[in-house]
Structures are given as structure tokens and as C-alpha cells.
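Report on the structure given below.
Chain identifiers are assigned alphabetically (A, B, ...) following the order of the sequence lines, protein sequences preceding nucleic acid strands; residue numbering begins at 1 within each chain.
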Amino acid sequence: MTLPEPVETTSSPLYMNYTYVAGTGRSVFLRGLNERRLLARHCPGCSLVYAPAPEFCSRCLRPVGPPFELPGTGEVSTFCVVNFPFPGQVYEPPYVVAHIMLDGAHNRLMHLVREVAPEEVTIGLRVEPVWVDDDELDTSTTSIRYFRPIGRPTRDVAAVPYAQTPIGPADA
Amino acid sequence: MVSFAQSPCVPADREHDMAEIVLPVIREALDACGLTRDDIDFFASGSHDFYEGRTFSYIESLDAVGAWPPISESHVEMDAAWAFAEAWAWLQLGEGQTAMVYGIGRSSLAADLDQILPAQLDPYLLAPLRPHRDALAGLQARALIDAGLLTERQLAEIVSRYKDVAVDKLMDAPHVAAPLRAHDIAPPGDAAAVIVLAAGDTARRLTAHPAWVRGLDHRMETHYPGVRDLTCSPSTRRAGERAAELAGFATADVQVAELHTEYSYQEPLLVAELGLKNAEVNPSGGPLAGWPATATGLIRIGEAARRIMDGTTGRALAHATNGPALQHNLVCLLAAQPRDPGQPRDPGQPRDAAQPPEAAQPREPEQPREPEQPRDAGQPREPGQPCDAAQPRDAAQPRDTAQPPEAAQARDAAPARDAAPARDAGEAR
Ligand SMILES: [Zn+2]
């Protein structure tokens, strides 16, 4: 018995436009980026410093304190190398996407690491932000073009496992 | 249920993210029953990514719960009334003593709901047609009017009850999706709602007047609206009958009913299918006062329970719906008193943790279900009658187990909505 030829394609394009609401906490951080400032906020309940910060601490639910500026430097806490092309890609692979622990903060910011060969990036690499030109500044993480190395690794990677950083295991 | 709180339904909240909307409501609900989030054994929530425009959007709301250290948590991608059903079942199974249910609904984020709502339909035959947001509701309303079960003037009368606008003035308004006018359609908005559940003695300790969930059931109809008889809602009726069995009292015996009516025409249909008699319907104002998407059904449960917790009502019903044209329906029966432990219970019903052990009742053998029969087009149905009520019953066909013969006869004879038949199936057992 031969089965009928199945219909393989039907075109039905969906277009959906949304308003995203940044929220009060996230807005503080985004407005800082528009002024080349990385803003952090401190939780009075558990002493965590968030950057980016919510409006209240997701651990103890206390409202976080007023924003203050971080120096902007930090270090790579983990990273991956993007090796494959995909539609909409801005940079030509291979390139590095990293979790960056900003100096003075306890949570990580995700961003690109450039001006360094991917094979030379290590956990613990010290980095600093490269900001866009004035006319490109926006309330967006794209106000930082990428992070770049400011020196060699300063910490023994093996001595600071990921799970022992301030946001660590549940029983910490 | 020991606590209920909700935020005002606003047309568009452009200030707060998901966590910021729900956190003050969680605080209010917990404070009202003297608990902290550390006292909650299980969290269940409901929302839908189609309204948010991103995947796994509800994860953001977990920041308001404090998901660290890790918690026991679940989410339904639909109205949060179904999260309530999950949390209730979880407690019935003895998994814990307390549960929090929250719903977040933001109807305002989609720039145009006409772009969004067709995506819930089947992608082969319906979604490519892009019916606009109220088109399927218009089909159902038109079918009800054509069947002689409803008139446009009755729709205006229903709306007039809520909005204090003269019926004639409402009739002068233009149609949006004929026979529906703008005032027949629940207005989109943003809100959050939170309910705290506790089992047996824990509930008694937390509040002097808990609202006891006596029965809950939900039933779903086929995905393709074209094979449904849109003039009836058998899923609502069956859910109501099963909830009544569990509750030990009939849906006809409630004093308050909060119905998830996203359109005015749905109210008389649901009233008939549930066999409501003297119940005050939607004293909260109902969804025609505000439609916060996936929080709307959970708010119905909260509003029904609130009238028990404040002592104004002894028995209440809450209905929630999900999907186009009342596709999926949930009925929850609530009472000021827990079920009498001495009362025979359907052995299929999970045991309340607070009830003493008792011998299992012998279960009646499962009878084959009566198939839904297409209605004879030549046979008119009385207004307000459930769709299978006018059908001649085949004597050789086994009856629906939940329908004692007397009730079925009373239904056939009932002339109008106000005289809808008793649904005392639960007590008949
Ligand atoms: Zn904290």
C-alpha cells in the first residue's frame, strides 16, 4: 500500500509585537548604562551586592539599598567560545561569551570578551568594559561593546571554585 | 483556603516587572494568615508565554517567592486556577501542609491581541485564517441566539447589571464581532492574585474561618471548535457534577457563584450548565470589570472563597475557563464547613488529612459514558437549557451515573434559566 503524499509545508507567518516592561529595579541599572555607569545595589538583609540589581533581594525578599557605582573592572568567572554561525549573529565566530564578576558585586554579568584570542581566555582573566561612542549610548547592555583583558589572571583558578563564590550552594 | 489577595486590575502596568507585580500581593496574602514564605511547602503558579512574548517568562516571578535555597515548585502554562487544582491535589495526597498559588496575568503586553490569540488555535486549519480575538466568541454567541437560547437584548441586560448603563443605550453601541459589542467583552488588564492553601488542622490553626475546598474538577473539550456544539458546555456540566459528588452538595445549593465570563453571553450558558438557582452571580464584578489574562480564573476562586472567609456565605462556586469559546472548564465548590467525616464518601476522593481513617465505601461499577449526541436541529430547546436536555433519552442507553432519574426529569421540565434543575447528584449519593 502506498501512502498519499503528505503536505510538507504550509506558510503561516506569525508576527507578534510586545511591550516589555523593564521594572523599577532593572530600570536603575539600564539608566546607568546610558551614562557609562555600572550601578550596584546592596541587600541590607543578606549583604549581597547585586549588579545588575533587582528592586528586592531574591534570597531574602528585602528591598535593596540605593544604587552606587562600581569601578567597572572585573574578572571572567566562566566563559564559552562560540564556534558556529547562526542567523542574526553580530560577530564572526569564533568569539568568547563570558560570565563576568564585576569588582564589588556578588552576581555575574554576561557579556562578550574581545581583543584577545579565544584560546588565551581563562577563568580569572581580569577585564574592563569598552563603551560605545556617545551617540550610541542607550539604556541597554549594548552600551558596553564588550569587555577586554587588562592583565593576566591574578587568582589561582583552582582555589576559587565556582560554587564557593558568594552566591554558592544552598547550604552555604 | 486560608488567605487570598490580589492587586487592582489596571489597563496597563508599565512600571513593574513580573516579580514586582506579584511580591506585594504575596506579602499581603502571607501576612493575612501569619505565615512567611519559609512556612510554605509548595508553590504553584500560572501564566502564559504568549501574553509575555518570551519563553519561560514566569521564571522571573520566582524572584518574588525566593527560590533560594531551592523550593518545591510547579507552573502551569494556562490560567492559574489550574495551578490551584494542582496545589489542592498535592495537599490531598499528603505531600505537605501548606501551598501557595499565584497567578500573574498581563493582557496589556501584546501590542495587538489579534496577533496573539490565533496562535492558540490548531496551526493547520485555523491559525492560518487569523481569526481576530473575539471571532470564536462571536460564533458561539451567534449560535446561542440562533438556537433561541439568548437574545442580544439579554446580553445588554447582563451588562447593564454590571455597568449601571441603560439597556437601550447599550443596544445602540456598534458591534465589534456581531452579535457582540465592546461592552460584552472583558477588558484586558494586568493583575496578580495569590491564594494560600493549608491542610486540615493547619488551616484551622491559621484562621478561624477557612474556606474549605469541598470539590474540584475540570473537563476539556476537543481542540477543534468546529466539531463542538457551541450552544452548550458539557465540560462545564460534567466538571460541576463531579465537583458536587466530591463536595457532598449540589452546585444548585451555592449562594454565590464567581464565573469566568470573558464575554457576557457566557453567563447564562454557564448558569444553565451548572444548574445554579438562587446564587448571586459574580458579586465581585466578574471578568467584565477586568480581564487580567491568566489570573482571571484564580481570582474567581479567591473571590468566591473571600465571601466564605468573611462569613457572608456558607457555600460558593468558582468557575474558571481556558481556551477559545469555553474549551476547558474548571469548577470548584467551597464551603464554610469541611465535609462531615461521617458522610459516605466517594472512595475515589482523596482523603482529607484531617479526617479519621474510615472503611472504604464500595464503589459503584463504572458505567459507560453517554455519548454526546448531535442535537436535532428541528427540536427547539428551552432558553437556558443544557444542550442535551431537550434530547429524547433512549431508554436502552445507560444514564449518566451522576444523573438520578428524578433530576433528569426535572431538567426536561424546567422552563427557564431561573428554574434550572436541581443538581443534587452529590447528596443523592
Ligand atoms: Zn538579601
Side-chain angles (χ1 to χ4, degrees), chain A residues 4-31 41 43-64 88 106-108 110 139-141 162-172, chain B residues 10-24 26-27 30 36-38 40 49-54 57 59-71 104 106-130 188 190:
Chain A
E5 190 74 15
V7 174
E8 290 185 346
T9 58
T10 299
S11 180
S12 180
L14 290 163
Y15 300 98
M16 296 177 174
N17 302 307
Y18 290 91
T19 301
Y20 291 104
V21 179
T24 51
R26 204 180 279 113
S27 294
V28 170
F29 185 78
L30 294 173
R31 289 205 187 89
R41 297 172 77 180
C43 173
C46 65
S47 294
L48 275 182
V49 175
Y50 287 95
E55 189 60 20
F56 51 85
C57 177
S58 58
R59 270 191 161 183
C60 60
L61 305 185
R62 298 260 301 262
V64 295
H106 290 145
N107 62 334
R108 299 167 189 86
M110 195 167 101
T139 50
S140 163
T141 47
Y162 192 83
Q164 286 175 21
T165 51
I167 296 179
D171 53 0
Chain B
V10 298
D13 184 335
R14 293 291 180 260
E15 187 180 353
H16 301 104
D17 64 27
M18 226 184 200
E20 292 166 0
I21 284 179
V22 74
L23 181 69
I26 288 177
R27 284 203 180 110
L30 287 175
T36 70
R37 58 100 186 244
D38 293 333
I40 302 295
D49 287 349
F50 272 124
Y51 291 111
E52 299 283 330
R54 56 206 165 116
S57 55
I59 293 293
E60 182 177 87
S61 74
L62 290 175
D63 277 357
V65 162
W68 189 271
I71 56 172
I104 301 169
R106 296 201 281 183
S107 302
S108 81
L109 297 184
D112 182 353
L113 287 169
D114 289 346
Q115 292 177 325
I116 309 303
L117 292 179
Q120 74 183 317
L121 302 171
D122 103 66
Y124 307 103
L125 300 172
L126 293 181
L129 300 173
R130 297 290 185 274
D190 301 342

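- The shortest heavy-atom contact between B:Arg37 and A:Cys60 is NH2-CA, 3.7 Å.
- With a 4.5 Å cut-off on non-hydrogen atoms, B:Asp13 touches chain A through its backbone but not through its side chain.
- Remark: A:Arg31 CZ is loosely packed, at most 12 non-hydrogen atoms of other residues, nucleotides or ligands lying under 6.0 Å away.
- The contact between B:Ile116 and chain A is made by backbone and side chain atoms together, counting heavy-atom distances below 4.5 Å.
- Using a distance-only test at 3.5 Å, with no hydrogens or angles considered, no donor-acceptor pair links the side chain of A:Tyr18 to the main chain of B:Tyr51.
- A donor-acceptor pair under 3.5 Å is formed between the side chain of B:Glu20 and the backbone N or O of A:Gly25.
- Options B:Ala127, B:Pro123, B:Ala64 differ in how many heavy-atom pairs under 4.5 Å they form with chain A, and the most are formed by B:Ala64.
- Between A:Leu14 and B:Arg130, the closest side-chain pair of non-hydrogen atoms falls below 4.5 Å.
- The shortest non-hydrogen separation linking B:Asp63 to A:Leu61 is O-CD2, 3.3 Å.
- Under the rule for a side chain to side chain donor-acceptor pair (under 3.5 Å), A:Arg62 has no partner lying at least two apart in sequence or in another chain.
- Contacts of B:Ala12 with chain A are absent, with no heavy-atom separation under 4.5 Å from either backbone or side chain.
- Taking every heavy atom of both residues into account, B:Arg54 and A:Tyr20 meet most closely at CD-CE2, 3.9 Å.
- The environment of A:Met16 atom CE is dense: over 12 non-hydrogen atoms of other residues, nucleotides or ligands sit within 6.0 angstrom.
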Check against side chain to side chain contact (heavy atoms under 4.5 Å, CB included), A:Glu55 and B:Leu23: CA-CA 10 Å; A:Glu55 189 60 20; B:Leu23 181 69; over 6 Å; no

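- Identified under the salt bridge (charged side-chain N to carboxylate O under 4.0 Å, His left out) test for residues 16-30 of chain A, with sequence neighbours left out: A:Arg26-B:Asp17, A:Arg26-B:Glu60.
- In terms of heavy atoms, B:His16 sits closest to A:Thr24 at CD2-CG2, 4.4 Å.
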